[in-house]
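First the structure, in the form of structure tokens, and then the observations on it.
Values in this document were obtained by computation on a predicted structure and should not be read as measured data. Order of the sequence lines sets the chain letters (A, B, ...), proteins ahead of strands, with each chain counted from 1.
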Number of protein chains: 2
Amino acid sequence: MQILLDIQKKLLPDLLETMQKRYNILRYVKAMEPVGRRSLANHLQLTERTLRSEVDFLKNQNLLEVHSSGMNLSQEGRELLEQLEGIMREVMGINILEQRLREMLQIDEVIIVSGNCDESPWVKKELAKACAARMKHEWKNRRTIAITGGSTMAAVADSLVSDEYSKGVTFVPARGGVGEMSQNQANTIVEKMAQKVHASYKVLYVPDQLSDEVYASLMKEPSMKEVIARIKSAEMVIHGIGEALVMAERRKSEPSVLTRLVEQKAVGEAFGYYFSESGEVVHKVLTVGLQLEDLTPEKKVIAVAGGKKKAKAIQSYIRGTHATTVLITDEAAARELISD
Amino acid sequence: MQILLDIQKKLLPDLLETMQKRYNILRYVKAMEPVGRRSLANHLQLTERTLRSEVDFLKNQNLLEVHSSGMNLSQEGRELLEQLEGIMREVMGINILEQRLREMLQIDEVIIVSGNCDESPWVKKELAKACAARMKHEWKNRRTIAITGGSTMAAVADSLVSDEYSKGVTFVPARGGVGEMSQNQANTIVEKMAQKVHASYKVLYVPDQLSDEVYASLMKEPSMKEVIARIKSAEMVIHGIGEALVMAERRKSEPSVLTRLVEQKAVGEAFGYYFSESGEVVHKVLTVGLQLEDLTPEKKVIAVAGGKKKAKAIQSYIRGTHATTVLITDEAAARELISD
DNA sequence: CATGTGTGGGACGTTTTGTGTCCCTTTGGT
DNA sequence: ACCAAAGGGACACAAAACGTCCCACACATG
């Protein structure tokens with residue numbers, strides 16, 4: 001059945017929405033019958049007219065009856081609703097999860113793919129695919145895209161496909177050297193993405209461990225300044241979210257940093273910032289490029305991360321910044337987040 | 001899965017239609033790629049513009065790509081189509097049957113309920129329900145409805161439910177005395193239907209075995225003439241289809257009639273007419289009311305019959321008259337019809 | 001090289017559908 | 001008798017869908 005639903009989601013994207021709407025109407029009618037149009041419209045947060053159209057429709061389908069005293073479910077409607085109750089749990093599983101997460105995290109948009117990244121490797125590909133598809137919808141209008149490193153972002157690069165608007169896009173790394181393996185470095189991924197969709201790109205190589213003077217003079221370099229300006233003006237930011245300690249180790253951070261992270265109970269990491277459970281920034285990698293405060297509301301920020309064990313990291317990061325507009329995650333992480 | 005589909009059919013009636021349309025587009029694109037918009041529109045019997053809207057949609061869903069040389073399926077489209085092929089067989093099972101029957105019998109509309117009347121008694125109820133629902137859509141505009149007898153029609157009467165327009169309807173028996181058991185007689189059913197939906201009705205009692213003189217004088221009776229005129233002007237005709245010999249026996253026809261039916265290979269029967277396999281009328285019950293030639297194209301004629309063993313009867317009847325606009329039958333009969 | 005046929009995409013006016021917003025009559029309870 | 005709440009009719013307006021062009025471009029063919 002799941003496969004049928006997946007196909008339908010592709011072939012009729014607003015099917016679920018409509019089903020859910022009508023399902024809700026039937027439920028409310030059952031609960032409140034006999035109920036009038038206007039009062040029902042209030043409860044369902046629909047305008048009178050739209051609800052009326054729906055009611056007319058349901059009436060034509062013999063699912064409800066309308067009398068002068070109000071609306072009732074018909075016998076057939078009752079039977080259908082009974083079946084529907086059972087099936088909707090399954091049908092809306094993901095949808096309901098998305099909705100709850102949206103409310104809980106106060107995020108505009110949540111996309112959940114079913115499965116668990118940690119257990120099934122192909123789920124990460126699904127995550128990446130979802131991210132790629134989501135990006136696609138934006139890059140007609142948002143043409144400078146900042147990207148971070150990480151294996152998830154590398155997967156996103158693999159999933160990108162070019163289209164008519166993609167040529168106009170420029171990819172830039174969000175921040176200089178935050179210490180990933182080369183194939184998962186932001187610069188590498190930026191290059192790969194640009195090649196995939198025939199777009200332009202700019203890289204930002206900032207050597208680690210520079211003395212302050214060299215660093216300062218480097219920053220005065222015009223080419224450098226230009227890239228950084230471009231990065232700061234990016235209209236879309238795509239990034240992964242990591243577990244704080246895992247990231248710190250992978251980056252071979254100083255022991256002092258590590259201990260501080262542990263002491264301050266850092267759990268999440270995103271583009272070089274480490275967040276405690278409550279969302280406070282407890283550490284940041286010092287480098288150029290996007291800073292947390294650059295994530296203004298005008299930017300579209302897409303965060304991608306999946307797997308049950310990343311739930312806390314996701315939460316800490318979301319608490320730490322309200323800039324994220326889209327969260328793309330998997331079912332396992334979503335359920336874990338909600339269960340907390 | 002079937003239950004989900006059933007629900008969806010109720011909740012979004014044109015879902016299947018849309019799915020099928022898009023599925024077809026994908027199939028054709030795959031078969032003809034790279035293919036242009038106009039040529040595709042021809043093959044699919046869609047106008048250029050509607051196809052274009054669909055293509056835009058599918059393009060946005062990343063299911064197909066459009067280049068200057070024509071359209072191709074995308075990788076994702078290919079994958080989806082593969083899954084779709086498998087699932088559509090099941091999804092459209094009934095729909096495809098309906099479509100094939102429509103083409104094969106040259107009928108405007110075919111409605112098939114799944115199952116087999118002969119084996120599962122509740123399938124007849126489903127047939128009746130489908131018929132009742134179908135009638136409902138008409139009686140806003142078609143207000144005089146002629147009904148025949150038979151157990152199927154009796155079941156239809158049970159399934160009728162009243163609505164706002166039903167009061168304006170008048171039920172009449174299609175023909176006088178064609179010899180059914182009283183509870184399955186047209187007059188009885190007409191009365192029952194009218195009661196069910198708070199409509200008016202007229203009956204037509206024509207005693208059997210009248211001498212010609214009495215019959216002639218009876219026909220001059222004004223009340224009689226009025227009813228008959230009403231019947232002939234009926235805007236909708238609902239009738240069952242029977243197996244010729246079964247019907248003849250049930251009606252206790254003369255042995256001479258029986259032998260003639262056998263000789264002439266009568267197989268189907270509908271409102272008193274007997275049809276041979278090729279559709280010729282080989283016998284008719286002599287009585288007043290609707291005659292075969294009264295079934296003009298303006299009338300909406302709905303034929304209801306199900307069960308594998310009625311397939312031949314249905315076919316013979318349909319061949320005999322092209323007046324039928326809607327056939328309501330069950331899966332078993334439909335499959336049998338197509339396999340012939 | 002010209003030409004003809006196919007491609008996608010833009011554009012525009014028309015039609016249809018959906019919607020927000022009224023108002024009116026009916027109904028049923030107080 | 002009255003009032004609140006019901007459904008339904010009506011209308012104007014916006015948005016979407018649609019039919020029907022025309023255009024630029026690519027490619028094969030003469």
Side-chain angles (χ1 to χ4, degrees), chain A residues 11-15 17-19 21-22 24-26 28-74 77 140 161-168 198, chain B residues 11-15 17-18 21-22 25-26 28-74 77 140-141 162-168 198:
Chain A
L11 236 42
L12 305 109
D14 41 6
L15 166 137
E17 204 181 327
T18 313
M19 260 184 90
K21 182 165 69 176
R22 293 184 178 160
N24 260 334
I25 295 177
L26 290 177
Y28 270 83
V29 170
K30 181 180 181 186
M32 304 167 67
E33 66 184 356
V35 62
R37 200 203 313 148
R38 283 169 264 262
S39 114
L40 193 58
N42 276 336
H43 284 82
L44 288 163
Q45 303 201 320
L46 296 172
T47 69
E48 184 189 330
R49 195 61 182 78
T50 51
L51 181 112
R52 194 169 161 186
S53 305
E54 292 300 330
V55 165
D56 284 346
F57 168 83
L58 293 171
K59 190 172 60 179
N60 275 326
Q61 296 297 102
N62 290 336
L63 295 178
L64 57 77
E65 298 159 355
V66 16
H67 304 121
S68 55
S69 58
M71 297 177 271
N72 289 86
L73 286 193
S74 72
K140 180 176 178 183
V161 285
S162 96
D163 74 359
E164 59 185 317
Y165 299 112
S166 61
K167 289 178 197 56
H198 312 112
Chain B
L11 235 42
L12 306 108
D14 40 6
L15 165 136
E17 205 180 326
T18 314
K21 182 166 68 177
R22 292 182 179 163
I25 295 177
L26 291 177
Y28 269 84
V29 169
K30 181 181 181 185
M32 303 167 67
E33 68 185 354
V35 61
R37 201 204 312 150
R38 281 168 269 262
S39 118
L40 194 58
N42 276 336
H43 283 82
L44 288 163
Q45 303 201 320
L46 297 172
T47 68
E48 185 189 328
R49 195 61 180 75
T50 50
L51 179 105
R52 195 170 163 184
S53 306
E54 292 299 330
V55 165
D56 284 346
F57 168 83
L58 292 171
K59 191 173 58 178
N60 274 326
Q61 296 296 103
N62 289 338
L63 296 178
L64 56 76
E65 297 159 354
V66 17
H67 302 120
S68 56
S69 57
M71 298 177 270
N72 293 298
L73 286 193
S74 72
K140 179 176 177 184
N141 301 316
S162 94
D163 74 0
E164 61 185 318
Y165 299 112
S166 60
K167 292 179 195 57
H198 312 114

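Expressed to the nearest 0.5 Å, how far CG of Leu73(B) lies from OH of Tyr28(B) amounts to 14.0 Å.
When the side chain to side chain contact (heavy atoms under 4.5 Å, CB included) test is applied to Glu54(A), the partners found at least two apart in sequence or on another chain are Lys21(A), Arg22(A), Ile25(A). Under the rule for a side chain to side chain donor-acceptor pair (under 3.5 Å), His198(A) has no partner lying at least two apart in sequence or in another chain.
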Checklist entry - Hey, mind stepping through Val29(B) and Val55(B) against side-chain contact (heavy atoms from CB on, under 4.5 Å) and telling me if it holds? => result CA-CA 10 Å; Val29(B) 169; Val55(B) 165; over 6 Å; no
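When all heavy atoms of Ser69(B) and Pro34(B) are compared, the pair lying nearest together is O-CB, 3.8 Å.
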Checklist entry - How would nucleotides 4-10 of chain D be written as a contact map, 5' to 3', with B for base contact, S for sugar-phosphate-only contact and - for no contact, using protein heavy atoms under 4.0 Å? => result --BBBBB
Pairs under 3.5 angstrom only: tabulate donor-acceptor contacts from the side chains of residues 39-50 of chain B to other protein residues two or more places apart or in another chain.
unit_1   : atom_1 : unit_2   : atom_2 : d
His43(B) : ND1    : Ser39(B) : O      : 2.9
Thr47(B) : OG1    : Thr50(B) : N      : 3.3
Thr47(B) : OG1    : Thr50(B) : OG1    : 3.0
Glu48(B) : OE2    : Arg37(B) : NH1    : 2.4
Glu48(B) : OE2    : Arg38(B) : NH1    : 3.3
Arg49(B) : NH1    : Ser53(B) : OG     : 3.2
Thr50(B) : OG1    : Thr47(B) : N      : 3.4
Thr50(B) : OG1    : Thr47(B) : O      : 3.0

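Annotation: salt bridge (Lys or Arg N to Asp or Glu O under 4.0 Å) contacts involving residues 58-67 of chain B, sequence neighbours excluded, comprise Asp56(B)-Lys59(B).
In 5' to 3' order, the nucleotides of DNA chain C bounding all contacts with chain B (an atom under 4.0 Å from a heavy atom) are dT7(C) to dA11(C).
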